[in-house]
Amino acid sequence: MNAAEIWMNRCLELARLGAGKVAPNPMVGALLVHNGKIIGEGWHQAFGSAHAEVNAINNVKDKSLLNEATLYVNLEPCAHFGKTPPCVNLIIEHKIPYVVIGMRDPNPLVAGKGIEILQAAGIAVAEGVLEQACLALNKRFLCYMQNKRPYVILKWAQTNNGFLSPDSSKMSAAQFEEERHITGFLVQKLVHKWRTQEDAIMVATNTALSDNPALNARAWEGDAPIRVVLDQHLRLPQTLKIYDQSQKTFLLNGLKEDANGNTIFLKVDFSKNWFEQLLEKLYAQQIQSLIVEGGGQLLRHIIAQNAWDEAIIFYASRSISNGIAAPAISGFIQQKLQLDEMQMIQYINK
């Protein structure tokens, strides 16, 4: 890595600290370098709070150095009034002469305007440093802005002989409860960490009935995602955890559009592409990411429509004699990771 890439890599490290806290804004990190030394750094810490550039400038003890410093930021500085004033104004005000940007902001309110304003003020701007890494970091934001829908992540665990879970209809409730957990505590903790970084999480009717999942992030500190439950005919009993009002829950159905506290009924037309309708409704709610955790029929439906962006699959070493078959999927393998006796493979849909 050259010097610019090293500093940009630090911006990305800082930006990741905002994961799960800044949506629907992107994750952004910034630092100011003077004579090869960092004199200030910051990141966007929460939606509605100060942007990364503001925090970095505020952390510089000797502001007289700013007119000889270089600002590094992984995303083009904003040029519009939102929850906070435009960052370009602050950069110009402090007479920072050089700005290095990882990627342009796809938000049409910015989209090159920040760069133009800086250059018009006599500031030298370089862009495209570690651009692919910057794009990957904010893939959810990019999908939301460019495709007008949330980024869709599929997640499941399967046995080494290709089953998602045992077949509850062919065993006692006690036996099913004993055998249904394919993954262990380490994987559960990792999955709950991921949940705090995503906006919404989805399951279908049979999974809600058989597992009665809470769909929260109890094994990791952070905010739980919005629950999305497919229940076409509204047959799920209100004794299930999805009705406990502990977090916002969307019930996707074909009967009514209504709300009761944290339980919100979203009506779609199941004679048409209902998953596309769901994504449109989630986009309207400023939801940038949706992680789908089951069941098998729902996962296969999304795969058949090619309506997914990423899939994370845990392959266990254990097997079961009978069960519900896991979906088949193909894609570009982004990452492989060994966790205890399980292998995790991350696929990208390309």
Side-chain angles (χ1 to χ4, degrees), residues 1-34 36-45 47 49-60 66 69-80 82 84 86-92 94 96-121 123-147 151 197 288-289 309-310 334-335 348:
M1 281 188 176
N2 59 37
E5 290 172 338
I6 291 172
W7 299 132
M8 188 59 67
N9 193 58
R10 176 56 182 164
C11 288
L12 293 171
E13 290 175 352
L14 291 166
R16 290 186 190 100
L17 297 175
K21 302 168 187 173
V22 301
N25 285 352
M27 292 177 280
V28 184
L31 65 150
L32 287 142
V33 177
H34 181 267
K37 293 182 179 180
I38 296 174
I39 58 172
E41 59 182 26
W43 67 95
H44 185 34
Q45 299 180 12
F47 176 65
S49 69
H51 287 187
E53 299 94 323
V54 176
N55 289 329
I57 290 170
N58 287 343
N59 284 331
V60 176
L66 288 173
T70 300
L71 171 68
Y72 290 85
V73 60
N74 59 291
L75 185 74
E76 177 184 3
C78 64
H80 65 291
T84 61
C87 289
V88 291
N89 291 2
L90 190 65
I91 295 167
I92 295 168
H94 285 282
I96 298 170
Y98 308 104
V99 176
V100 180
I101 297 166
M103 60 173 277
R104 291 198 173 202
D105 192 334
N107 186 339
L109 294 173
V110 187
K113 297 182 183 71
I115 293 172
E116 290 173 6
I117 291 171
L118 293 174
Q119 289 176 331
I123 295 171
V125 179
E127 57 180 305
V129 177
L130 293 187
E131 184 176 28
Q132 290 306 309
C134 294
L135 290 167
L137 176 71
N138 277 309
K139 57 192 175 185
R140 295 159 183 80
F141 180 70
L142 282 165
C143 181
Y144 180 80
M145 284 292 170
Q146 295 173 342
N147 301 329
Y151 186 85
Q197 298 173 354
Q288 287 189 6
S289 62
D309 298 290
E310 181 178 323
Q334 178 79 17
Q335 181 183 192
I348 302 296

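From a predicted model like this one, the values you see are computed outputs, not experimental measurements.
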Using the rule given for side-chain contact (heavy atoms from CB on, under 4.5 Å), can you reason through Met103 versus Asn74, listing the C-alpha separation, both sets of side-chain angles and the distance that settles it, and then say yes or no? CA-CA 6 Å; Met103 60 173 277; Asn74 59 291; 5.9 Å; no

Compare every heavy atom of Ala4 with every heavy atom of Val129, then report the nearest pair and how far apart it is. CG1-O, 3.7 Å

Which value, rounded to the nearest 0.5 Å, describes the distance between Ile39 atom CD1 and Leu66 atom CG? 5.5 Å

Check step by step if side-chain contact (heavy atoms from CB on, under 4.5 Å) holds for Leu32 and Ile57. CA-CA 7 Å; Leu32 287 142; Ile57 290 170; 3.8 Å; yes

With sequence neighbours left out, write down each residue that passes side chain to side chain donor-acceptor pair (under 3.5 Å) with Asn9, or none if nothing qualifies. none

Closest non-hydrogen atom pair, Trp43 against Gly18: CD1-N, 4.1 Å

When rounded to the nearest 0.5 angstrom, what is the spacing between CG in Leu142 and CD in Gln288? 9.5 Å

Taking every non-hydrogen atom, the tightest pair across Glu53 and Leu75: OE2-O, 4.3 Å

Is there a donor-acceptor contact under 3.5 Å from the side chain of His44 to the main chain of Gly29? no

Drop me the distance from Gln146's CD to Phe141's CZ, to the nearest 0.5 angstrom. 9.5 Å

Show your reasoning for whether side-chain contact (heavy atoms from CB on, under 4.5 Å) applies to Ile117 and Ile92. CA-CA 9 Å; Ile117 291 171; Ile92 295 168; 3.8 Å; yes

In a table with atom names and distances, give each donor-acceptor pair under 3.5 Å that connects a side chain of residues 132-139 to protein atoms at least two apart or in another chain.
{"from": "Asn138", "atom 1": "OD1", "to": "Met27", "atom 2": "N", "distance (Å)": "2.8"}
{"from": "Asn138", "atom 1": "ND2", "to": "Met27", "atom 2": "O", "distance (Å)": "2.9"}
{"from": "Lys139", "atom 1": "NZ", "to": "Glu310", "atom 2": "OE1", "distance (Å)": "2.8"}

Contact summary for Leu14 and Gly42, nearest pair of heavy atoms: CD1-O, 3.9 Å

Without swapping roles, check the side chain of Glu76 against the backbone of Gly112 for a donor-acceptor pair under 3.5 Å. yes

Test: salt bridge (Lys or Arg N to Asp or Glu O under 4.0 Å). Region: residues 99-119. Which pairs qualify, not counting sequence neighbours? Arg104-Glu127

According to side chain to side chain contact (heavy atoms under 4.5 Å, CB included), who are the partners of Trp7, at least two apart in sequence or on a separate chain? Ala3, Leu31, Val33, Ile38, Tyr72

What residue pairs, at least two apart or across chains, pass salt bridge (Lys or Arg N to Asp or Glu O under 4.0 Å) with a residue in residues 3-21? Arg10-Glu13, Arg10-Glu41

Closest approach of Ala56 to Ala30 (non-hydrogen atoms, all atoms of both residues): CB-O, 3.7 Å

Tell me, please, which residues at least two apart from His34 pass side chain to side chain donor-acceptor pair (under 3.5 Å). Glu68

Is there a side-chain contact between Pro108 and Met145 in this structure, where contact means two heavy atoms from C-beta onward sitting under 4.5 Å apart? yes

How long is the straight-line distance from CD1 of Ile123 back to CD1 of Ile115, given to the nearest 0.5 Å? 12.0 Å

Atom CG in Asn55, atom CD in Gln45: separation rounded to 0.5 Å? 5.0 Å

Quick check: do His51 and Val28 have side-chain heavy atoms less than 4.5 Å from each other? no

Please give me the minimum heavy-atom distance between Pro77 and Ile101, naming the atom from each residue. CD-CD1, 3.7 Å

From Leu71 atom CG to Leu118 atom CG, the distance as rounded to the nearest 0.5 Å: 8.5 Å

